[in-house]
Amino acid sequence: SGTGAEWRIGLTWGRRIDDTVCGMIKSTTTISCFALVVLLAGTTASAQRDDLPDTRPPVEEMVEWLDSPVFAARQQALVALLERRDLDLVEIDAWRSREDLSPEQRLRLDELALQVFARGPRAALGISFPPDDRGGVRIMDVVAGFAAADLLVPGDRILTADGVPLSRQAMLRAAILSHAPGEHLELTVERGGEILDISVPLGSFGNLRGAATPRASDLVAAWSLRQSRRGVATLLGTPIRPEPVELGGEAGGGDAPEPG
């Protein structure tokens, strides 16, 4: 029937797997404890419907399970958190800032934050620029509907983004993607021999027409920038699995102006 009680029964049973069921299936290594817990929790999750009350375990409970002594329970807790589309980076960062986390909880919350960041939503500045510009990024055009259309003009050369000097356009792309829609990107711009500091509100990447899906390398660079702004070390060694946004083309390909 998909009740919260069933979730708790499944996860509580998962805590005891190491001492009971796993001991019974040691000879069958292809059957993992993780698969059993996924089966239990997944059955309940599949029964969820929009017209039923939210019976998912609270986030606090899942964070606690990230430190379970049972590997399968830790894995399932991470999966359950990843499946929550109402969980955003602001809330995850609040959990990550807690000082009472164990190293295991902190590591898994870092991975959770990275994966949520990779799936978006993504920001866009609302300009187009040459794919191989050097020494700053020259604006070729602005996109109507974005705040940049009122603040920037074709021919502007963006020298820095959030205080970081730009030696190539990939650095600007990473700076944009490191933000969420609605946040501001702080730019230093050269316009007709004059240097201007301009704070530009960012729009949504989904509103760009013809923009390429960000590459994993772009998202890794963006994540590093975002982490550095928070004053924390970047999580290394975790593959980013972004959910593709099919807008056509590959980032940085060809000689056509690239939206960003």
Just so I know, are the side chains of [X] and [Y] near enough to count as touching, which here means a heavy-atom distance under 4.5 Å?
{"X": "Leu112", "Y": "Trp95", "answer": "no"}
{"X": "Leu177", "Y": "Pro214", "answer": "yes"}
{"X": "Pro201", "Y": "Leu151", "answer": "yes"}
{"X": "Thr188", "Y": "Leu196", "answer": "no"}
{"X": "Arg122", "Y": "Ser204", "answer": "no"}

Using 0.5 Å steps for rounding, measure from the [atom1] atom of [X] to the [atom2] atom of [Y].
{"X": "Asp218", "Y": "Trp223", "atom1": "CG", "atom2": "CH2", "result": "16.0 Å"}
{"X": "Asp162", "Y": "Leu225", "atom1": "CG", "atom2": "CG", "result": "8.0 Å"}
{"X": "Leu152", "Y": "Leu187", "atom1": "CG", "atom2": "CG", "result": "6.0 Å"}
{"X": "Ile139", "Y": "Ile127", "atom1": "CD1", "atom2": "CD1", "result": "4.5 Å"}
{"X": "Leu125", "Y": "Phe205", "atom1": "CG", "atom2": "CZ", "result": "12.5 Å"}
{"X": "Arg173", "Y": "Leu219", "atom1": "CZ", "atom2": "CG", "result": "10.0 Å"}

Using side chain to side chain contact (heavy atoms under 4.5 Å, CB included), reason through Glu186 and Asp197 one step at a time and then give a plain yes or no. CA-CA 7 Å; Glu186 306 300 327; Asp197 290 325; over 6 Å; no
Linking I/L/V/M/F/W/Y whenever their side-chain heavy atoms sit closer than 4.5 Å, directly or via other members, would [X] and [Y] fall into one cluster?
{"X": "Ile198", "Y": "Val142", "answer": "yes"}
{"X": "Leu66", "Y": "Val116", "answer": "yes"}
{"X": "Val63", "Y": "Leu89", "answer": "yes"}
{"X": "Leu82", "Y": "Ile92", "answer": "yes"}
{"X": "Met62", "Y": "Leu101", "answer": "yes"}

Result for salt bridge (charged side-chain N to carboxylate O under 4.0 Å, His left out) between Arg74 and one of Glu104, Glu64, Glu111 points to Glu104
Which heavy atom of [X] sits nearest a heavy atom of [Y], and at what distance?
{"X": "Val137", "Y": "Leu172", "answer": "CG1-CD2, 3.7 Å"}
{"X": "Arg138", "Y": "Phe129", "answer": "O-CB, 3.3 Å"}
{"X": "Pro165", "Y": "Thr160", "answer": "CA-CG2, 3.8 Å"}
{"X": "Ser68", "Y": "Ala73", "answer": "OG-CB, 3.5 Å"}
{"X": "Gly126", "Y": "Ala148", "answer": "O-CB, 4.1 Å"}
{"X": "Ala161", "Y": "Leu185", "answer": "CB-CD1, 4.3 Å"}

Working note: Val153 + Arg191, criterion side chain to side chain contact (heavy atoms under 4.5 Å, CB included); need CA distance, chi angles, decisive distance, verdict. CA-CA 9 Å; Val153 298; Arg191 178 183 299 167; 3.6 Å; yes
Treating Asp88 as the side-chain partner and Glu91 as the backbone partner, does any N or O pair qualify as donor plus acceptor under 3.5 Å? yes
Tell me whether Glu183 contacts the main-chain N or O of Ala180 through its side chain, where contact means a donor paired with an acceptor under 3.5 Å. yes
One thing to verify: whether Arg106 and Asp100 come together as a salt bridge, which I'm taking to mean a side-chain N less than 4.0 angstrom from a carboxylate O. no
Hey, are Asp93 and Arg226 close enough for a salt bridge, meaning a charged N less than 4.0 Å from a carboxylate O? yes
Intermediate values then yes/no, side chain to side chain contact (heavy atoms under 4.5 Å, CB included), Gln75 and Arg108: CA-CA 9 Å; Gln75 287 291 90; Arg108 289 179 177 271; 2.6 Å; yes
If we count only N and O atoms by modelled type, under 3.5 Å, do the side chains of [X] and [Y] hold a donor and an acceptor together?
{"X": "Gln105", "Y": "Arg96", "value": "no"}
{"X": "Arg119", "Y": "Gln115", "value": "no"}
{"X": "Ser178", "Y": "Arg229", "value": "yes"}
{"X": "Ser128", "Y": "Asp141", "value": "no"}

Side chain to side chain contact (heavy atoms under 4.5 Å, CB included) between Trp65 and Leu78, worked out: CA-CA 9 Å; Trp65 274 91; Leu78 180 59; over 6 Å; no
For Ile195, the hydrophobic cluster (side chain heavy atoms closer than 4.5 Å, chained through members) also holds Leu159
